[in-house]
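Here's the structure, in C-alpha cells; my notes come after.
Chain identifiers are assigned alphabetically (A, B, ...) following the order of the sequence lines, protein sequences preceding nucleic acid strands; residue numbering begins at 1 within each chain. Atom set for the values below is all heavy atoms of this structure, side chains included, hydrogens, waters and symmetry mates excluded.
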2 protein chains.
Amino acid sequence: MVESSRIAAQDGLRADARRNRERVLAAARAVFAEHGIDAPMATVARRAGVGVATLYRHFPTRDALVRDAFAQQMDTCVRALTEALAAPDPWQGFQQLIETVCALQREERGFPAAFVAAFPESTSEHAQSRQRAERDFTTLVRRAQASGALRADFHPSDLAVVLLAHCGLVATLPGDGAASRRLVAYLLQSFRADTANEPLPPPTALALRSLPIAADSPQRQRAPRA
Amino acid sequence: MVESSRIAAQDGLRADARRNRERVLAAARAVFAEHGIDAPMATVARRAGVGVATLYRHFPTRDALVRDAFAQQMDTCVRALTEALAAPDPWQGFQQLIETVCALQREERGFPAAFVAAFPESTSEHAQSRQRAERDFTTLVRRAQASGALRADFHPSDLAVVLLAHCGLVATLPGDGAASRRLVAYLLQSFRADTANEPLPPPTALALRSLPIAADSPQRQRAPRA
DNA sequence: GGCCAAACGGACGATTGCGTCCACTTAGGA
DNA sequence: TCCTAAGTGGACGCAATCGTCCGTTTGGCC
C-alpha cells in the first residue's frame with residue numbers, strides 16, 4: 001500500500017509534484033514525532049520547504065496526511081501478522097507479532113498516536129483489510145491455544161488491550177524503551193499457559209517522578225469540539 | 001489536601017465566592033470527563049453558571065483547576081497507599097493498591113489525563129508528598145517480595161509502567177471497564193512470584209475495529225507549541 | 001438600612017490554526 | 001525554443017480560545 005518511488009513514477013504526477021509529496025511525508029513524520037499528530041499543518045509545510053497550499057493539495061485533510069505518513073509502518077504491522085501465521089510455532093509467531101508491533105510503536109514516535117487515531121477509519125478499503133487482519137489474528141490465537149502455549153482464556157480482543165495500553169505508555173514516556181519492553185514482557189508472560197517466570201528486561205532508570213517530557217509537552221487528553 | 005466545605009468556611013472567602021468555587025470544580029470534573037482536560041475554560045464556566053473571569057479568579061491557570069478538580073481522587077490514591085502498607089498481607093496490600101488506583105482511573109473520566117499531566121508538577125509541596133509516596137511504595141514492594149508473593153525482579157518504577165499503560169488504555173477506550181479490568185488482571189498475574197493461572201475478568205465485547213469514541217472524539221496526541 | 005470592598009460577568013483584543021484563492025513559476029511535450 | 005497545463009506559495013478571511021479589563025452587583029459588617 002505504500003507508494004515506492006517506482007510506483008510513484010507511474011502516478012501521473014509531475015516530477016516536482018512527486019518530489020514535494022515525498023518531502024511533505026518525510027517532514028510530517030519528523031514533525032509528528034516531535035510535536036504529536038496535532039502539530040500545525042503549517043509547521044509540516046515549513047519543515048518540508050513547501051507552501052501550505054501544496055501540502056493541502058496533496059493531502060486534503062490532516063488524517064490523510066497522517067495515514068500516508070505512517071503507511072509504511074502500518075504495512076509492517078500487516079506483514080508481521082502474515083509472518084506470524086507462517087511461523088512453524090504459533091506461540092513464537094504470536095510473541096513475535098506483539099513484539100514487532102510494539103517495537104514499531106516504540107521506535108517511530110508519532111506512530112502510536114496515528115495508530116490509535118487510524119483505528120476507526122472505516123474506509124471501505126481499510127475496513128476490509130482490518131477485517132482480514134482480525135480474522136488472521138483470531139486464527140493465530142486459536143492455533144497458539146491449540147498448541148498449549150497460549151492460555152485458553154486469551155481473547156482476540158485482548159490484542160487491542162495490549163496495543164492501546166502500550167500506545168498510552170510510549171505516548172507518555174516517549175523514548176523510554178525500557179518501560180515499553182518491560183510492559184511487553186510482563187504481558188507476554190501473562191499470556192503463556194505455563195507461566196514460568198522468565199527474566200525481564202531491565203527496568204527503566206526513570207523514577208516515578210521524573211517525567212520530563214510528559215507534562216509541558218505533547219500528549220494529554222484533547223477536547224475536539226466544545 | 002482537599003478543602004472540605006468545613007475548611008472552606010474558614011478560608012476568608014465570601015459565601016457567594018465559596019459557592020461559585022465549588023460549582024466550578026464540579027463543572028470542571030463533568031466537562032473534563034466529557035471533553036478531556038483540554039476543554040475550553042469557557043465551557044467549564046458556562047457549565048458552572050459563572051463568568052470566565054470568576055473562573056480565572058479562582059484558578060489562574062488550567063493546571064490549577066485540573067489539580068484542584070481531581071484533588072479528591074489524588075487523595076484517595078494516597079490513602080490507598082497508606083492502607084496498603086497497613087494491610088497484614090503485603091501482597092494483598094499491593095494488589096489492592098493497584099486495583100484501587102486503576103479503578104479510580106477507570107471510573108472518573110478525565111482523571112487519568114489529569115493524573116498523567118500532574119506527574120511532573122514539581123511544586124515543592126507536591127514533590128514532597130510524591131517522594132514520600134515513592135518511599136512508601138518501595139517499602140511495600142520490599143515487603144511483598146520478602147513474603148515471597150511478589151516476584152523478586154519487580155521494580156518500584158514498574159508502578160509507573162502499569163499506571164501509564166492503564167491510563168492510556170482508559171483514555172482511548174473510555175467506559176470500557178472490561179478492557180481495563182483485563183489489563184490489570186494480566187499484569188497482577190505477571191507480578192506474582194508463583195504464577196498460577198487465575199481466571200480473568202471477561203473480555204471486552206468490543207472487537208478491535210469498533211472504537212466508536214476514540215477516533216473523531218477526545219484523545220489523541222496533542223501539539224503544544226509549534 | 002446603608003455602605004463598601006469583594007465578587008461578578010461579559011465584552012474585548014490578541015493569538016493561533018485552518019483551509020482557500022489567486023497570481024506567479026516551471027516541467028516537459030511539440 | 002516555445003507554450004500550456006500542472007504545480008506552487010503565501011496572503012487572506014474565518015473561527016476558536018485565551019486571559020484581562022472594567023462597569024455592575026451583592027454579601028455582610030456597622
Side-chain angles (χ1 to χ4, degrees), chain A residues 3 5 8-28 31-32 34-66 68 117 216-218 220-226, chain B residues 3 5 8-28 31-32 34-66 68 117 216-218 220-226:
Chain A
E3 45 277 15
S5 40
Q10 309 166 346
D11 59 10
L13 284 179
R14 228 169 65 176
D16 54 345
R18 196 159 51 242
R19 199 179 330 119
N20 278 338
R21 191 173 193 282
E22 291 306 320
R23 277 181 168 204
V24 168
L25 284 175
V31 170
F32 289 160
E34 199 168 331
H35 302 288
I37 58 173
D38 286 334
M41 299 292 260
T43 305
V44 175
R46 205 174 332 121
R47 176 79 147 251
V50 305
V52 242
T54 301
L55 193 161
Y56 278 107
R57 198 168 316 106
H58 287 298
F59 311 98
T61 68
R62 156 177 262 104
D63 279 342
L65 176 57
V66 169
D68 285 13
D216 50 348
S217 242
R220 119 182 344 184
Q221 264 187 346
R222 170 183 166 233
R225 20 196 153 288
Chain B
E3 44 277 13
S5 40
Q10 310 166 347
D11 60 10
L13 285 179
R14 229 167 64 176
D16 55 344
R18 196 158 51 241
R19 197 180 331 118
N20 278 337
R21 191 174 193 282
E22 292 306 320
R23 277 181 167 205
V24 168
L25 284 174
V31 170
F32 289 160
E34 199 168 331
H35 302 290
I37 59 174
D38 286 334
M41 298 292 259
T43 306
V44 175
R46 205 174 331 120
R47 177 79 148 252
V50 305
V52 241
T54 301
L55 194 161
Y56 279 107
R57 200 169 311 109
H58 287 297
F59 310 99
T61 68
R62 157 175 262 107
D63 279 342
L65 176 58
V66 169
D68 284 13
D216 50 346
S217 241
R220 118 181 346 185
Q221 265 189 344
R222 171 184 166 232
R225 20 195 153 288

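Atom-to-atom, CZ of B/F59 to C1' of D/dG19 comes out at 16 Å; the value is rounded to the nearest Å. Atom NE2 in A/H58 sits roughly 8 Å away from atom C1' in D/dG7 (whole-Å rounding). When the C1' atom of D/dG19 is taken as reference, atom CG of B/D63 falls 15 Å away, rounded to whole Å. Atom NE2 of A/H35 and atom C1' of C/dT16 are 15 Å apart (whole Å). Here D/dT8 presents its P atom at 19 Å from CZ of A/R46, a figure rounded to the nearest Å. In this structure, B/D38 places its CG atom 15 Å from C1' of C/dT16, rounding to the nearest Å. In this structure, the CG atom of A/L55 is 17 Å from the P atom of D/dA11, given to the nearest Å.
The closest side-chain heavy-atom distance from A/F32 to A/D38 is not below 4.5 Å. Inter-residue side-chain proximity for A/R19 and A/D16 is flagged as met; some heavy-atom pair is nearer than 4.5 Å.
For the OP1/OP2 pair of D/dG9 and a distance below 4.0 Å, the side-chain nitrogens and oxygens of A/T54 include at least one atom meeting the criterion. Between A/N20 and the phosphate of D/dG7, there is no side-chain N or O to OP1/OP2 separation shorter than 4.0 Å.
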Original post:
For nucleotides 19-30 of chain C, read 5' to 3', which letter fits each nucleotide if B means a protein heavy atom sits under 4.0 Å from the base, S means only the sugar-phosphate is that close, and - means neither?
Top reply: BBB----BSS--
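Distance alone, capped at 3.5 Å, is enough to place a donor-acceptor pair between the A/R62 side chain and the A/I37 backbone.
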Validation: residues 47-57 of chain B side-chain donor-acceptor distances under 3.5 Å, sequence neighbours left out:
none

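Summary of the strand contacts: B/A42 and A/A17 both lie near DNA chain D, and taking for each the nucleotide with the nearest heavy atom, the more 5' one is attributed to A/A17.
Between B/A39 and B/H35, the shortest heavy-atom distance links the atoms CB-CB, 3.8 Å.
Here the CZ atom belonging to A/F59 is positioned 4.0 Å from the CZ atom belonging to A/R21, to the nearest 0.5 angstrom.
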